[in-house]
Amino acid sequence: MLKLSLFQELEKELATHLRQHIEAVFGVEHDPVVQMSPRRELGDLAFPAALHLAKVLRRKPREIATELADGLRFPDSVSRVSVEGAGFLNVFLDRSALAARLIELPLFDETSSDEKPSEELRRLGEKIIVEHTNINPNKAAHIGHLRNAVLGDVLVRSLRRIGYPVEIQNYIDDTGVQLADAVVGFIDLRGMGLDEVAALPEPFDYTCWDLYSEVGRWYEGDDERKAVRRETLHALESDNGPRAEMGRLIARRIVSRHLATMKRLDIGYDLLTRERDILGLDFFENAFEKLKASGAVRLEADGKNKGCWVMPLSQSAEFAGLEDPDKVIVRSDGTVTYVGKDIAYQLWKFGLLGRDFDYVRWEEEGLWETASTGGIPSHPEFGQGKKVINVIDARQSYLQKIVRVGLESLGHADEAERSVHFAYEMVSLSRAAAEHLGYLSGEDENKSLEMSGRKGIGVKADDLLDQVEAKLREMVVERYPELDAESLDDLARQLAIGALRFFMVKATTTRVIAFDFQEALNFKGETGPYLQYSMVRERKIRRKLEDAGMATEVDAATVAGLDAELWSDDLWDLVLAAAQTPAVVASASKSLELSLIARQALDLAGKFHSVYQRHRILDETNESLRQVRMATVQVFRKSLLALLDLLGVPVPEKM
RNA sequence: GCGCCCGUAGCUCAGCUGGAUAGAGCGACGGCCUCCGGAGCCGUAGGUCACAGGUUCGAAUCCUGUCGGGCGCACCA
């Protein structure tokens, strides 16, 4: 389906070759595994086939490997074969030939790009809908939301690079309890009217951040106040009256702020899906009827869920052992829970609802939002995804499972199968960060502290961005005191984007990030700026070559003709690592482990920095040697540029 | 109680479908700029891979159990 990269093709070819050879020599069927040899002096690719065959053949692995190596004739791309270690069959590749091919061919299939997804996949209707960010529109974005948005964005970039048509949706929960709290906060706690709230200065999301935790305290132990919240929730759902109007205003202002924050990190969307429209256009009503008809939900006559419509989960093995095996879909007061709305939303994403939203343009170019009425007729097609990936933190796994069960019980098992929850662990605050911010979580130990919008605990995304930018600006000033303010800001911004985005992607998704200021504000070692610096160095070499009137690049033909012996192991190690980039990207997007992309970039940059120190290009008088080094750097550059593009790490001119 | 995740160097973490002497970064210590700019490179110190069994020619990696820690099991999302 998707095209294999040059290197993947090579691996496959050699594996097939070996497979046939094994069958010829031993009469056994065996699919050889291909690995990278740990060090270049041992070889490039390693086949542990003999180790695996030892059991079947009842012979020593090394013996088997030697026998295999003896009569083995690989294609010309292989320069020699050797037996190493316990019985690895190692392959040395023709360095000049492979390097030439890497220079000649594009890294990824160039028939596809961001703007132009692979025609084939588009024709096949392989559109993937990625939902990410999804911040409740009642407070400022914090660094936990940043992890979500960055992961979502990197996933989108990767999928698009591979060739998939992708639609990015950002779900706006504008009929939920959290927004209701903000409405109550302004109206009942602050006693403010619509005009007053509209007139509040920016940063509006910061104002709401404080208000939100205040409202939480204001409710405590007061049933009358909580009743106000319920009324407000009703008003939001029915989209009627002054409270609904207040909700609209707050949501719009907050969303606008969230989009601005994300834009600072170069993160954008295709469509804002508003929950209000899911209700307003009776999407939920429609889905609810289907659920009722299929018997997937039932009205509770008594018990603690009396008066609620619940979805029984007890028959599903996944939910065995739950204390309460039922999930409320419609509350006893008639309002709908998040899961209920999300089932309707998920159905729409797959085109299973048989109806569509109206669409209007958001303020900025290229971005649309859903509407209940008055839509623009000429809008792009939304929804109708073949596959849906929801980027939502791991704490919501239970809810995401329920949504899938909902699809299944409506007879959409295939769609349930293609509903993917991209789960990642949360961001908490390190002990030091918590202390620094004055959230002393008791006196207890070194524990990290969970962020909470409700309690007002967290680091706001914009604050962090500001801090990172300021710190980097200082570093740039130190190095380039003569720069004007605008270029300074520009550089600092690029470096900050790189630093923050990389920070969020490099962690494996299954691990909680304990956010620490010291770590986030240190730009040495495994960081975005480390990658950026390698590109700056690479650029500088080319500029210097140009200044000296020398060629800045070598062509494939020249490289192919170079003596293979000229490639020292460290240079070759970098070339070989770079060659694997497409495979890494493919594996990262398939497994949703995007840190692989970050690791690959680090690996390449590290090898480059090391090579840079050891092998000078500019003052190398041996022309062939210089060309080998230039070729190495060219291959590196192509790969790292592609990776940085996927990571959304900008490449600065200098730093 | 049940479910998911984590437990590898002082700290933060990599270690792919089991395979070649367990790797980085930060911090510590010691080197390397009359420059392709030290946001870098090289080196030293630092590890009974939580613990106990099991599977295997081979286990940080797979299985079982135990002990720590985090999260979830709302008419919040």
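It should be emphasised that the depicted structure is a prediction, and the values quoted were computed from it without experimental measurement.
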For [X], which contact category applies under a 4.0 Å heavy-atom criterion: base, sugar-phosphate, or nothing?
X      : value
A:L472 : base
A:L495 : base
A:Y533 : sugar-phosphate
A:L399 : base
A:A46  : base
A:H421 : nothing
A:S37  : base
A:E519 : sugar-phosphate
A:K306 : base
A:E450 : sugar-phosphate
A:V633 : nothing

Tell me which of A:S397 and A:M475 sits closer to the 5' end of RNA chain B, going by the nucleotide each one is nearest to.
-> A:S397
Relative to the 5' end of RNA chain B, which residue comes earlier, A:K55 or A:V336, by the nucleotide with the nearest heavy atom?
-> A:K55
Given the structure, check if the side chain of [X] and the base of [N] hold any donor-acceptor pair shorter than 3.5 Å.
X      : N      : answer
A:N90  : B:rA20 : yes
A:Y480 : B:rG37 : yes
A:R599 : B:rA24 : no

What integer distance in Å separates [X]:[atom1] from [N]:[atom2]?
X      : N      : atom1 : atom2 : value
A:N522 : B:rC11 : CG    : P     : 18 Å
A:F88  : B:rG18 : CZ    : C1'   : 11 Å
A:Q396 : B:rA74 : CD    : C1'   : 13 Å
A:Y612 : B:rG37 : OH    : C1'   : 7 Å
A:K226 : B:rA74 : NZ    : P     : 18 Å
A:Y398 : B:rA74 : OH    : P     : 5 Å
A:M535 : B:rG37 : CE    : P     : 15 Å
A:Q35  : B:rG19 : CD    : P     : 7 Å

Does A:K506 use its side chain to pair, donor to acceptor, with the backbone of A:E526 at less than 3.5 Å?
-> yes
Integer angstrom distance from the [atom1] of [N] to that of [M]:
N      : M      : atom1 : result
B:rC67 : B:rU55 : P     : 23 Å
B:rG43 : B:rG3  : P     : 48 Å
B:rA45 : B:rG69 : C1'   : 30 Å
B:rC29 : B:rC13 : P     : 24 Å
B:rU48 : B:rU44 : C1'   : 23 Å
B:rG46 : B:rC57 : P     : 36 Å
B:rA59 : B:rU64 : C1'   : 15 Å
B:rG65 : B:rG72 : C1'   : 24 Å

Across all chains, not counting sequence neighbours, the ring-ring contact (aromatic ring centres under 6.0 Å, His included) partners of A:Y212 are none
Just label B:rC13 as syn or anti from its O4'-C1'-N9-C4 or O4'-C1'-N1-C2 angle, using within 90° of 0 for syn.
-> anti
Syn/anti label of B:rG23 as read from its glycosidic torsion, with the cut at 90° from 0 | anti
Using a cut-off of strictly less than 4.0 Å, decide whether [X] has a side-chain nitrogen or oxygen near OP1 or OP2 of [N].
X      : N      : answer
A:Y338 : B:rA77 : no
A:S610 : B:rC42 : yes
A:R59  : B:rC57 : no
A:K524 : B:rG38 : no
A:R537 : B:rC36 : no
A:S332 : B:rC75 : no
A:N136 : B:rA77 : no
A:R479 : B:rA39 : yes

For a side chain to side chain contact (heavy atoms under 4.5 Å, CB included) with A:V633, tell me which candidate from A:I617, A:L574, A:V628, A:L571 qualifies.
-> A:I617
Run the numbers on A:E237 and A:K341 for salt bridge (Lys or Arg N to Asp or Glu O under 4.0 Å), then give the verdict.
-> CA-CA 11 Å; A:E237 284 205 359; A:K341 299 170 200 171; 3.6 Å; yes
Which base, if any, makes a Watson-Crick or G-U wobble pair with [N], both distances under 3.5 Å?
N      : result
B:rC4  : B:rG70
B:rG27 : none
B:rA39 : none
B:rU64 : B:rA52

Measure from the side chain of [X], starting at C-beta and using heavy atoms only, and say which of [options] lies closest.
X      : options                : result
A:T337 : B:rG19, B:rC75, B:rA39 : B:rC75
A:T510 : B:rG72, B:rC6, B:rA77  : B:rC6
A:K544 : B:rA39, B:rC36, B:rU8  : B:rC36

Look at the rings of A:Y171 and A:Y338 and say which category their plane angle falls in: under 30° parallel, 30 to 60° tilted, over 60° perpendicular.
-> perpendicular
Using the ring-ring contact (aromatic ring centres under 6.0 Å, His included) rule, pick out the option among A:Y530, A:Y533, A:F636 that qualifies with A:F608.
-> A:F636
pi-stack flag for A:Y530 and B:rG40, centroid dist under 5.5 Å, interplanar under 30° = no
Rounded to the nearest 0.5 Å, what's the gap from CG on A:L313 to NZ on A:K401? Could you check?
-> 10.5 Å
Do A:R229 and A:Y219 meet the cation-pi criteria used here (NZ or CZ under 6.0 Å from the six-membered ring centre, within 45° of the axis)?
-> yes
Please identify each residue that fulfils side-chain contact (heavy atoms from CB on, under 4.5 Å) with A:H436, with sequence neighbours left out.
-> A:F517
If you look at every heavy atom in A:G498 and A:P650, which pair is closest and at what distance?
-> N-CD, 3.8 Å
